[in-house]
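This report refers to the structure that appears directly beneath it.
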There are 2 protein chains.
Amino acid sequence: MTQLVERGLIARWRELLTTYNQIACALERDLQDNHGIGLSEFEVLDRLVESGQAKMRMHDLATDIYLSQSALSRTVARLERAGRVVRAMCADDRRAIFVSPTEPGRQLRDEARETHRAVLAQHIPADD
Amino acid sequence: MTQLVERGLIARWRELLTTYNQIACALERDLQDNHGIGLSEFEVLDRLVESGQAKMRMHDLATDIYLSQSALSRTVARLERAGRVVRAMCADDRRAIFVSPTEPGRQLRDEARETHRAVLAQHIPADD
DNA sequence: GGACATTAAATGATTGTGCATCTCATGCAC
DNA sequence: GTGCATGAGATGCACAATCATTTAATGTCC
């Protein structure tokens with residue numbers, strides 16, 4: 001990535017495009033094969049756990065992540081369906097929803113994190 | 001991008017993830033709004049024209065680009081439906097297909113290129 | 001020449017995404 | 001209080017991407 005800094009906008013964009021797609025594709029495949037979880041599901045779960053808090057509001061989760069609001073909503077729905085998180089009412093603001101990882105969810109995250117890191121290590125250049 | 005080189009794998013990946021999504025999203029939106037063309041359609045058309053050749057085989061086009069074979073096939077189909085390219089038999093190898101941009105296709109590409117460049121200029125850091 | 005692997009491209013099925021819209025809940029003005 | 005804008009989240013719809021499969025043409029080995 002960094003070695004291409006001077007090549008002009010288009011070249012840098014294309015580099016970004018292919019790098020992103022390669023990595024995202026590899027992550028998607030390995031996460032799915034090894035843990036039965038998609039990339040965006042992992043990213044959500046990961047951020048949820050790493051926040052350290054027991055529960056997070058959807059809205060706060062959304063600011064952290066690259067997903068659109070509707071994509072986040074569906075991703076959390078999938079995670080819930082799979083028993084990785086629970087959604088709960090928020091007493092203070094009844095429009096809001098709290099999301100918390102379940103124990104299996106935390107566990108899955110820990111396992112998947114290793115696959116995740118391995119794929120990244122393999123695809124992201126050591127340094128410049 | 002470059003200023004984050006030392007932050008570790010995960011941080012670099014997240015940076016890539018959000019950068020990519022912001023730019024791709026902006027490109028998609030502006031290309032669609034201003035020229036009625038999607039990002040992958042533009043990328044295909046752009047590479048097709050910039051190759052300098054009158055026609056290219058699908059397979060050669062595929063090596064240049066981040067799209068899967070089936071995605072490319074459908075993207076070209078969309079471009080053809082919109083009159084931006086034509087597909088033709090290849091006499092040498094009757095399995096292969098030639099793709100050529102039409103005049104309106106070239107023209108659209110030239111126009112869209114400016115939008116494309118503008119969005120990139122706006123989102124990709126000048127340099128460091 | 002015949003059988004089989006390989007290659008180019010298209011296509012069916014499934015899935016995830018974005019946009020627009022909808023439903024409620026809040027907040028604020030009056 | 002009523003009325004209206006705004007905010008949080010869910011959902012219908014359309015579309016694009018993937019995987020797996022299919023069709024058809026080439027190549028190869030015997």
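Just so we're on the same page: letters track the sequence lines, and every chain starts at 1.
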How close or far is atom P of D:dA10 from atom NE2 of A:His59, stated in whole angstroms?
13 Å
Under 4.0 Å between a Lys/Arg side-chain N and an Asp/Glu carboxylate O for B:Arg57 and B:Asp92?
no
Just how far, in rounded Å, is C1' of C:dG16 from CD of A:Glu28?
9 Å
Shortest non-hydrogen separation from A:Gly38 to A:Glu28 and the atoms involved:
CA-OE2, 3.6 Å
Which residues share a salt bridge (charged side-chain N to carboxylate O under 4.0 Å, His left out) with B:Glu111, sequence neighbours left out:
none
May I ask you to evaluate whether B:Ser40 reaches the phosphate of D:dA17, defined as a side-chain N or O under 4.0 Å from OP1 or OP2?
yes
Counting only side-chain N and O atoms of A:Arg87, is one of them less than 4.0 Å from OP1 or OP2 of D:dA10?
yes
Quick one: does any side-chain atom of A:Glu80 pair with a main-chain N or O of A:Arg87 as donor and acceptor, under 3.5 Å?
yes
Find the distance B:Arg78:CZ to C:dT11:P and express it as a whole number of Å.
13 Å
What about B:Arg95, does its side chain sit under 3.5 Å from the base of D:dT26 through a donor-acceptor pair?
no
Between C:dA9 (C1') and B:Phe98 (CZ): distance, integer Å:
14 Å
Could you give the CG-to-C1' distance, from B:Leu39 to C:dT17, as a whole number of Å?
14 Å
Parallel, tilted or perpendicular: ring planes of B:His116 versus B:Phe42, cut at 30 and 60 degrees
tilted
How many Å lie between CE on A:Met58 and C1' on C:dA25, as a whole number?
16 Å
Close side-chain approach of A:Asp46 and B:Arg14, heavy atoms under 4.5 Å
yes
So, for A:Leu17 and B:Tyr20, which heavy atoms are closest and what is the spacing to 0.1 Å?
CD1-CE1, 3.4 Å
Reading nucleotides 18-23 of chain D 5' to 3', which nucleotides get B (base under 4.0 Å from a protein heavy atom), which S (sugar-phosphate only), which -?
BBB---
Taking for B:Ser73 and for A:Cys90 the nucleotide of DNA chain C with the nearest heavy atom, the one nearer the 5' end belongs to B:Ser73
Please report the distance, rounded to the nearest Å, between CG in B:Leu61 and C1' in C:dA10.
15 Å
From CD1 of A:Ile97 across to P of D:dG7 the rounded distance in Å is 18 Å
